[in-house]
Amino acid sequence: MAVACLGLQVSAQQGASPNGLITADVKNGGITVSYNQQQVLDIPAVGFEGGTALQALSFCRNLSESYTMLGGKRLQCSNEANEYVSPLGENTRLVMRLYNDGIAFRYEFTDLKDATLPKELTTYRITEGTRRWMQQWTDSYEGFFPLTTSYKTLPVRNYSGITKSADGWNIRWGYPALLEPADGIFTLISEANIEHSQSASCLYNDGELFKVTPAENPLHISGNWHTPWRTAIIGTLATVVESTLITDVSEPSQLSDTEWIRPGVVSWIYWAYNHGSNDYSIIKKYVDMAVRLHLPYVLIDAEWDEMKDGKTIEDAVSYAVGKGIRPIIWYNSSVGWIDGAPTPKFRLNKPEDREKEFAWCEKIGVAGVKIDFFSGDNQLNMDYCIDLLESAARHHLLVNFHGATIPRGWQRTWPNLVSTEGVYGAEWYNNVPTFTSQAARHNATLPFTRNVVGPMDYTPCAFSDSQHPHITSNAHELALTVLYESTLQHLADKPESYYAQPQQVQDFFGQLPTVWDETRFVSGYPGESAVLARRSGNTWYVAGINGSDEPKTLNLDLSFISGSRISIFADSANKSWDISTAKVLPTEMECQPRGGFVLVVR
C-alpha cells in the first residue's frame, strides 16, 4: 500500500539512514550508496521506460516498527528507517527507505487503466575486480555461490534456465548476490515482499551492468500497483548475517490465529533410500525414529498415493498420530516437472480441488504439506504460491516449498510458510558426485548468502553416505542443524545412522530449537569458515564449520554469553566424535579438515 507523505517535504540530493552510516546520493539520474563514507553500491539507472529521470529525494517520514516472528533468526524484530520519495512521471514515483542495515526501494504507480507494465530500468554496476558470491539462475535456485572477481563465468550446463552471452559467459543470476566492494564491507542484493499480481525478478548482466529483470507478468493492471522492494543489506558480515531487512519491508502477518504453527525437528523419508514413501514399513521406521529421538514431526515424501501391501496414506498418518508424531505429506505442484515426475499430481492446481485436498488433510490429522517442483519466478507461479499459503492456512497446515524460488518475505506475511528449499543442499548427495568435494566450502558460504534471506530446507546432518559419499566430519554435520535456520529442520539420514551415534548426540536432536530469540555472528568468511551463536531462552547454541580441506583454528569471542554448563561436540582425528563438558567457554576451537563443532551453553 502506498503511503502518503504528510507535512513539509524537503528535496535533497542525499538521503541518510537514521544512524547516518548509510547515505544515498542522486547522481546523473542514478543513485550511489555509501557506508561510513565509503561507496558500496552504484545504481546508475533507476525507473521505467517512458518515465522521467530521477532528480532528487524528498524526505517523507521516519519509520519505526516492532513486530513478532514465529520463526527465523530473531523472534522479536525492530527496524527503523528514513523514507524518501521522488516523482518519476505523472503517476509513478520512487519510494526509498534507508535502514541502519541497508536500503530498500520500489516503484509505485497510480491510476493505471488496463495497462501493461513498463520495462524496469534498475541496474547495479558491479565492477570487475569486486569480490562476489553469485549463483547462476535456475528455476529451483539450487546452485553454488563460488567466489569470483569477474562476471566472466562459464554456464553450468545442467542448470535449467541458464542463459549465456554471445561469447559464452553466463549472464543470468539469482538472488541473493553477495558483494565485497571494500575490504570488510559487504552488500547483499535481493528483493522482498512479492504480492498478488507481481512476478519475482533476477539479474541479467551486460558486462559490469546487472539489470533487475522481472519474470513474465502478462497482467493488465488497473488502479494502483507497485513493484516488490529491491533490497541491499549493507555493512559488516555481522550486519549481513543478523539482518532482518527482508521481513522488515514485507507485509505483516495475515493470520489472526497462529497457535497451531509450531516449530520443530522432522524425520525425513527420502535421502537414505533416494525414493519416495510408498513403503509403509519404512514410514513406520521414521515415525519410530521421531518417537525415539523426541522429534515432533515426520515428513512422508512423494508416492504416498501408491502405497504397497494394501496400506494407504491414511494408515500411515494414523500410525504417526497414534504415536504422538505430527505428519507432513508431499505434493507435486504440477506446474514444473510433471512428465516422469512422482505423484500425487494435479490435486492442488484448481481452487476447489485445493480446498478439498487440504480439508481432507486437516480431517485425517496431517500437520503440513511439502509442495514441490515449481517452474520459476513468473507472476503465475507467485500467485499460485500465495494461493497455496492462504488455502493451507485456512486448514491449519504448515507449508514447505521445494523446487521453488527463494524466500522473499512470505515467512512474515504467511507464517505457516515454515521452510523453503531454494538451496543446493544435502539432497544433492543423491544426484551427482559433485557435491562431495565442494560441500564444505559451499556449506561455509550459505550463512552469508542464501540463509540470510529466509528459512532454508537444506535437510542437514547426515552421518552415513547415500548415493554419493560425503567427506565432512560428524561434528560439521551436526553444526549445520544450528548454523542453518529453518522453522522445520529436516534430518536427512536413516534412523539406524542416528541410533549408532553416542547418546549425547541422540539427546541433542530432541532438545534442538529451530527458532531463535537472538542470532549473533561470531566469526568467519564466505567459503572459508562460519561461526554463529543462536539463543533460545537461556540457552546458547554456538556452531562453527571449517570450509577448507586443511585443519583450521576458529577464534571465538563469546564474551556476550554467560553460562557455566557447557557441552562440547567436536571433531576427533578419525572423523568421529570428541564430546566433553566444560565450565569455561573456549576462546578457540580446533577443526579438522571440513570439520566443525557445536557448543551448548546453559
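Reckoned from all heavy atoms, side chains included, excluding hydrogens, waters and symmetry mates. Keep in mind it's a predicted model, so treat the numbers as computed, not measured.
- Using modelled atom types, no side-chain atom of Ser523 and backbone atom of Leu556 make a donor-acceptor pair closer than 3.5 Å.
- Annotation for Leu154 and Gln136: closest pair O-NE2, 2.9 Å, computed over non-hydrogen atoms.
- Counting heavy atoms from C-beta outward, Tyr124 and Arg230 have side chains that approach closer than 4.5 Å.
- Here the side chain of Thr213 pairs a donor or acceptor atom with the backbone of Lys211 at under 3.5 angstrom.
- Tested against Val522, the residues Ile561, Leu554, Val531 include a single side chain to side chain contact (heavy atoms under 4.5 Å, CB included) partner, Val531.
- Between His468 and Tyr429, a ring centre-to-centre spacing not shorter than 6.0 Å is recorded.
- Taking a cutoff of 4.0 Å between a charged side-chain nitrogen and a carboxylate oxygen, Arg520 and Glu518 qualify as a salt bridge.
- With respect to Arg408 and Glu191, a salt bridge is recorded, a charged nitrogen being found less than 4.0 Å from a carboxylate O.
- Between Arg441 atom CZ and Leu446 atom CG the span is 12.0 Å, to the nearest 0.5 Å.
- Remark: the backbone N or O of Ser333 is paired with a side-chain donor or acceptor of Tyr384 at under 3.5 angstrom.
- Of the N and O atoms on the side chains of Asp457 and His490, at least one donor lies less than 3.5 Å from an acceptor on the other residue.
- In this structure, Glu306 contributes its side chain and Thr343 its backbone to no donor-acceptor pair below 3.5 Å.
- A donor atom on one side chain and an acceptor atom on the other are not found under 3.5 Å apart for Ser536 and Thr539.
- If you check the side chains of Trp304 and Asn278, you find no donor sitting under 3.5 Å from an acceptor.
- Neither side chain, Asp507 nor Gln511, offers a donor N or O lying under 3.5 Å from an acceptor on the other.
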**Request:** Go through the steps to decide whether Arg131 and Thr149 satisfy the test side chain to side chain donor-acceptor pair (under 3.5 Å), and finish with yes or no.
**Result:** CA-CA 5 Å; Arg131 294 168 71 87; Thr149 58; over 6 Å; no
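- For the pair Ile300/Ile328, no side-chain contact is recorded, criterion being any heavy-atom separation below 4.5 Å from C-beta on.
- Separation of the Phe401 and Phe374 ring centroids falls under the 6.0 Å cut-off.
- Between the OH atom of Tyr541 and the CG atom of Leu532 there is a distance of 15.5 Å, given to the nearest 0.5 Å.
- Residues Thr553 and Glu588 have side chains that never bring a donor and an acceptor to within less than 3.5 angstrom of each other.
- Put simply, the side chain of Ile371 reaches to within 4.5 Å of the side chain of Leu388, judged on heavy atoms.
- Judged purely by atom type and a 3.5 angstrom limit, Arg132 has no side-chain atom pairing as donor or acceptor with the backbone of Glu180.
- Between Lys152 and Glu128, none of the side-chain N atoms (NZ, or NE/NH1/NH2) sits under 4.0 Å from a carboxylate O, so this pair counts as no salt bridge.
- Residues Pro495 and Tyr286 meet the side-chain proximity criterion, which asks for heavy atoms closer than 4.5 Å.
- In this structure, Ala200 and Met382 approach most closely via the heavy-atom pair N-CG, 3.8 Å.
- Side chain of Asp557 to main chain of Ser559: a donor-acceptor pair is present (N/O by atom type, distance under 3.5 Å, no hydrogens or angles).
- Using cut-offs of 30° and 60° on the angle between ring planes, the pair Tyr141 and Trp137 is perpendicular.
- Closest approach of Leu245 to Ala232, counting heavy atoms only: CD2-O, 3.8 Å.
- Aromatic ring orientation, Phe373 versus Trp337: perpendicular (interplanar angle above 60°, classes split at 30° and 60°).
- Relative ring orientation between Tyr458 and Tyr484 is described as tilted, the plane-to-plane angle lying within the 30° to 60° band.
- Residues Leu178 and Pro526 approach most closely at CD2-CG, 3.8 Å, considering heavy atoms.
- Between Asp517 and Arg74 there is no salt bridge, since no side-chain nitrogen of the basic residue lies less than 4.0 Å from a carboxylate oxygen of the acidic one.
- Within a 6.0 Å radius of CG in Asp183, no more than 12 heavy atoms belonging to other residues, nucleotides or ligands are found.
- Using cut-offs of 30° and 60° for the angle between ring planes, the Phe508 and Phe569 rings count as perpendicular.
- Residues Trp577 and Gln504 bring no donor and acceptor atom of their side chains to less than 3.5 Å of each other.
- Ion pairing between Asp301 and Lys370 holds under the 4.0 Å rule for side-chain N and carboxylate O.
- Of the possible polar contacts, none joining the Asn274 side chain to the Ser466 backbone as a donor-acceptor pair under 3.5 Å is found.
- Nearest heavy atoms, Leu512 versus Val265: O-CG2, 3.9 Å.
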**Trace of the side-chain contact (heavy atoms from CB on, under 4.5 Å) decision for Val291 with Ile325** = CA-CA 7 Å; Val291 172; Ile325 304 302; 3.8 Å; yes
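- When each of Tyr498, Trp271, Trp268 is paired with Leu491, the side chain to side chain contact (heavy atoms under 4.5 Å, CB included) condition holds for Tyr498 and for no other.
- In terms of modelled atom types and a separation under 3.5 Å, the side chain of Thr514 and the main chain of Leu488 share no donor-acceptor contact.
- Taking the six-membered ring where tryptophan is involved, the planes of Phe448 and Phe521 are perpendicular, since the angle between them exceeds 60° and thus also 30°.
- For the residue pair Glu303 and His275, a side-chain donor N or O sits within less than 3.5 Å of a side-chain acceptor on the partner.
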**Item:** side-chain contact (heavy atoms from CB on, under 4.5 Å) assessment of Cys202 paired with Val212
**Value:** CA-CA 6 Å; Cys202 64; Val212 173; over 6 Å; no
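- Counting heavy atoms from C-beta on, the side chains of Leu585 and Leu558 come closer than 4.5 Å.
- Looking at Asn381 and Ser375, their side chains do bring a donor and an acceptor atom within 3.5 Å of each other.
- In the model, Ser529 has no side-chain atom that pairs as donor or acceptor with a side-chain atom of Asn546 under 3.5 Å.
- Residues Asn378 and Ser199 bring no donor and acceptor atom of their side chains to less than 3.5 Å of each other.
- When side chains are defined from C-beta on, Trp410 counts as touching Cys385, because their heavy atoms get closer than 4.5 Å.
- A heavy-atom distance below 4.5 Å is not found between the side chains of Tyr35 and Val33.
- Judged purely by atom type and a 3.5 angstrom limit, His470 has no side-chain atom pairing as donor or acceptor with the backbone of Asp465.
- Counting only heavy atoms from C-beta outward, the side chains of Tyr270 and Glu427 approach each other to under 4.5 Å.
- Within 6.0 Å of the CG atom in Asp206, the count of heavy atoms belonging to other residues, nucleotides or ligands does not exceed 12.
- Looking only at distances, no side-chain donor or acceptor of Thr244 sits under 3.5 Å from a matching main-chain atom of Thr247.
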**Prompt:** Does the pair Thr581 and Ile566 meet the rule for a side-chain contact (heavy atoms from CB on, under 4.5 Å), with working shown?
**Reply:** CA-CA 5 Å; Thr581 60; Ile566 305 162; over 6 Å; no
**Request:** Would you sort out whether Met289 and Arg292 count as a side-chain contact (heavy atoms from CB on, under 4.5 Å), showing the intermediate values?
**Result:** CA-CA 5 Å; Met289 167 186 153; Arg292 178 166 168 176; 5.8 Å; no
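- Cation-pi geometry between Arg125 and Phe210 is not met at under 6.0 angstrom from the ring centre and within 45 degrees of the axis.
- Across all non-hydrogen atoms, the minimal contact from Phe463 to Asp493 is N-OD2, 2.7 Å.
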